[in-house]
**Student:** 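Okay, handing you the structure first.
Computation of the quantities below employed the complete heavy-atom set of this structure, encompassing side-chain atoms and omitting hydrogens, waters and symmetry-equivalent molecules. Bear in mind the structure is a predicted one, so any value in this text is a computation, not a measurement. Just follow the structure's listing: the first ligand is 1, and inside any ligand the first atom is 1.
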Amino acid sequence: MLVSLSNRLSEIMKKVRGWGSLNEKNIRDGLRDIKLALLEADVNYKVVKGFIDGATESALGEQVLNSITPVQQFTKVVYDYLVKILGEEDHDLKISFGGISVFMLVGLQGSGKTTTAVKLAHYVQKNYNKKPLLIAADVYRPAAVKQLELLSEKNGFSIYKEDNGKPVDICLSGLKFARENSYQVLIIDTAGRLEIDEKMMNELIEMKNRMKPHEVILIADAATGQVAVSVAQGFNEKLGITGIFLSRMDSDARGGAALSMSYITGRYIKFIGTGEKIPDFEKFYPSRIASRILNMGDVVSLVEKVQENVDLEQAAKLEKKLRKDTFDLKDFLDQVKQLEKMGPLENILEMIPGLPKKANIKIDDHALKQTEAIINSMTEYERSHYKMINGSRRKRIALGSGTSVFEVNRLLNNFQQMKKLMKKMGKGGKLKGNVLSERLFT
Ligand code: GDP
């Protein structure tokens, strides 16, 4: 996410580290470099100007504190201003705890609306324990309805659709259907066009007036740069939006524009899409994004992600096994699955302070899948007695998992080494976190 901007800023900060003191000349020089980096990353010029003016004033007015170094002081000013332009705080969805919450998703065609609708359904179900219903209101493109239907079904959500009729009428019938069938959240996937046009807007305005949604959320594609910013301005002026979800924040292309969106429209970015999969959807925390961009590491996000996905009960069981030295290949497989649940390893690594940026790391998620396939091809007995997996068994396992004997050997060797390592660690005291990840990350 925003890797090139982050790399540029890291370089600037390296230079700043050489400063002996914080004086007017080096503050102005440093901020000029930052200004260029922001403009290059496609951050809107108005935002850059506001940022630089504010940060210059603040840095020049800073008391030189003995307790912190010039670089810490300068970084803090830059960080504070980044957080400010990103919207200061995180902002929750306006969800109703009594009746049905209605969310209207608007945006241009291809902005990621349909995918985001299903991501939102998944999010409210998982985090608010609410039963969502998706409404297919893009009647102009049958393919769009079909896409929503397929994606919803695949992820276990219901949709409401009608073959004919005006979008607003479909939404009203959908609301009635939701009431009768105890749905608690209504997510409307509205029609998108290639550009904002009057007919589209009038239809959306009518829908907004009749449905009285709790939120009108613009889905903006972060990868489209400044276009996304003017689209957001257009939708906000004509329709009035309550928040923004940025899709495709995982693509680095011109992501800087995203940083301008909140400042320019006065509407908060509430969530971001970080991949094509349905769980790739995160709340937008200005402070975390700022520290990610400044390469300060996103420790809080990382800790949360790990906590969310590591089953504590399972971890306790694992610890017991390690102490008794009964950790077998089945447990190993469980560990692999836990890692997989956390999402692509590169995303996880990106959050760890001090590690090289994504662009420089090659982590093979495919290797996890391969490990899983190999262990799945073993018999129950083999998984708990790895020492008896001889040559002919290895051949059979390789064949069954679509791998080679070389790969089976490698996995068994790694497993053996890991067991040794864990034995040592297990003796040393309490084990924390995911043992496999510790091995992979070190
Ligand atoms: P719509 O036309 O606005 O409904 O857009 P879609 O939901 O069909 O999305 C267009 C494409 O963008 C699809 O291929 C999605 O898989 C992809 N997409 C949506 N959100 C994200 C995201 O956050 N990250 C990535 N990498 N792709 C996304």
Side-chain angles (χ1 to χ4, degrees), residues 1-4 103-123 126 132 134-155 157 159-161 167 170-171 187-197 200-201 203-204 207 216-225 227-228 231-232 234-235 239 241 243-259 261 269-285 288-289 292 301 305 343-348 350 358-359 365:
M1 192 187 295
L2 297 164
V3 179
S4 33
F103 298 131
M104 204 173 133
L105 305 195
V106 301
L108 296 186
Q109 196 172 308
S111 59
K113 225 171 344 85
T114 306
T115 314
T116 309
V118 180
K119 285 180 174 181
L120 181 60
H122 176 262
Y123 184 86
K126 187 168 172 221
L134 291 122
I135 299 193
D138 187 352
V139 292
Y140 307 103
R141 287 189 307 146
V145 177
K146 192 80 210 151
Q147 191 201 352
L148 182 70
E149 194 171 13
L150 287 175
L151 206 54
S152 302
E153 261 172 24
K154 193 170 153 205
N155 290 281
F157 301 115
I159 84 159
Y160 183 86
K161 63 165 191 170
I170 297 176
C171 289
I187 299 168
I188 307 173
D189 184 19
T190 65
R193 306 277 157 82
L194 291 172
E195 55 185 25
I196 300 179
D197 66 45
M200 167 203 207
M201 261 323 152
E203 201 174 276
L204 293 176
M207 193 185 284
V216 179
I217 299 157
L218 174 77
I219 313 302
D221 181 351
T224 57
V227 175
V231 167
F235 269 93
L239 177 67
I241 55 174
I244 300 166
F245 290 178
L246 279 178
S247 65
R248 272 192 265 218
M249 272 297 272
D250 49 315
S251 83
D252 189 40
R254 304 195 284 174
L259 307 184
M261 194 112 26
I269 299 170
K270 295 193 168 184
F271 282 83
I272 51 176
T274 55
E276 289 192 49
K277 293 204 203 96
I278 298 308
D280 298 336
F281 187 63
E282 297 174 14
K283 209 165 164 200
F284 181 75
Y285 291 97
R288 295 186 196 174
I289 298 287
R292 240 187 244 185
S301 287
K305 204 159 182 111
L345 285 177
E346 283 168 33
N347 288 358
I348 306 274
E350 208 187 328
K358 189 173 181 170
D365 284 308

**Student:** Among T115, V106, D221, which one puts a heavy atom closest to atom 7 (O) of ligand 1?
**Tutor:** T115
**Student:** Report the nearest protein non-hydrogen atom to atom 14 (O) of ligand 1: residue, atom name, distance rounded to 0.1 Å.
**Tutor:** E276 OE1, 4.1 Å
**Student:** With a cutoff of 4.0 Å, is D280 in contact with ligand 1, counting heavy atoms of the residue only?
**Tutor:** no
**Student:** Give the residue and atom name of whichever protein heavy atom lies nearest to atom 4 (O) of ligand 1, and the separation in Å to one decimal.
**Tutor:** T114 OG1, 2.5 Å
**Student:** Please give me the minimum heavy-atom distance between V106 and K113, naming the atom from each residue.
**Tutor:** C-CD, 3.5 Å
**Student:** Mind running side-chain hydrogen bond (donor to acceptor under 3.5 Å, both in side chains) on Y140 and E203 for me, showing each step along the way?
**Tutor:** CA-CA 12 Å; Y140 307 103; E203 201 174 276; 2.3 Å; yes
**Student:** Drop me the distance from T114's OG1 to L150's CG, to the nearest 0.5 angstrom.
**Tutor:** 11.0 Å
**Student:** Can you find a heavy atom in the side chain of T115 that is under 4.5 Å from one in the side chain of I219?
**Tutor:** no
**Student:** With atom 9 (O) of ligand 1 as the reference point, say which of G110, G192, G112 has the nearest heavy atom.
**Tutor:** G112
**Student:** How are the rings of F281 and F271 set relative to one another: parallel (under 30°), tilted (30 to 60°) or perpendicular (over 60°)?
**Tutor:** parallel
**Student:** Taking all atoms of both residues into account, what is the closest heavy-atom pair of T116 and S247, and its distance?
**Tutor:** OG1-CB, 4.4 Å
**Student:** Do M249 and ligand 1 have an N or O pair less than 3.5 Å apart?
**Tutor:** no
**Student:** Between E282 and ligand 1, which part of the residue brings a heavy atom under 4.0 Å of the ligand: side chain, backbone, both or neither?
**Tutor:** neither
**Student:** What are the atoms of ligand 1, with element, lying closer than 4.0 Å to any heavy atom of L108?
**Tutor:** 3 (O)
**Student:** Enumerate the atoms of ligand 1 whose separation from the nearest heavy atom of G273 is less than 4.0 angstrom.
**Tutor:** 23 (O)
**Student:** Are any of the heavy atoms in L151 under 4.0 Å away from ligand 1?
**Tutor:** no
**Student:** Please examine the side chains of D250 and D280, heavy atoms only from C-beta on, and report whether any two atoms are closer than 4.5 Å.
**Tutor:** no
**Student:** Less than 4.5 Å apart, side chain to side chain, heavy atoms only: is that true for I289 and I272?
**Tutor:** yes
**Student:** List the closest protein heavy-atom neighbour of atom 3 (O) of ligand 1: residue, atom name, distance to the nearest 0.1 Å.
**Tutor:** K113 N, 2.8 Å
**Student:** My understanding is that we take every heavy atom of each candidate and find the minimum distance to atom 22 (C) of ligand 1. Doing that for A143, G275, A117, which one comes out nearest?
**Tutor:** G275
**Student:** Output the list of atoms in ligand 1 that are nearer than 4.0 Å to some heavy atom of T274, sorted by atom number.
**Tutor:** 23 (O)
**Student:** What's the shortest distance from atom 24 (N) of ligand 1 to any protein heavy atom, and which residue and atom give it?
**Tutor:** D250 OD1, 2.9 Å
**Student:** At a non-hydrogen distance cut-off of under 4.0 Å, which region of T116 contacts ligand 1 (side chain, backbone, both, or neither)?
**Tutor:** neither
**Student:** Could you check whether any heavy atom of K277 sits closer than 4.0 Å to an atom of ligand 1, since that is the contact criterion I want to use?
**Tutor:** no
**Student:** I want to check something: taking the side chain as every heavy atom from C-beta on, are M261 and L246 in contact at a cut-off of under 4.5 Å?
**Tutor:** yes
**Student:** My understanding is that we take every heavy atom of each candidate and find the minimum distance to atom 11 (C) of ligand 1. Doing that for R248, Q147, Q109, which one comes out nearest?
**Tutor:** R248
**Student:** Are R141 and Q109 packed together at the side-chain level, in the sense that at least one heavy-atom pair is separated by less than 4.5 angstrom?
**Tutor:** yes
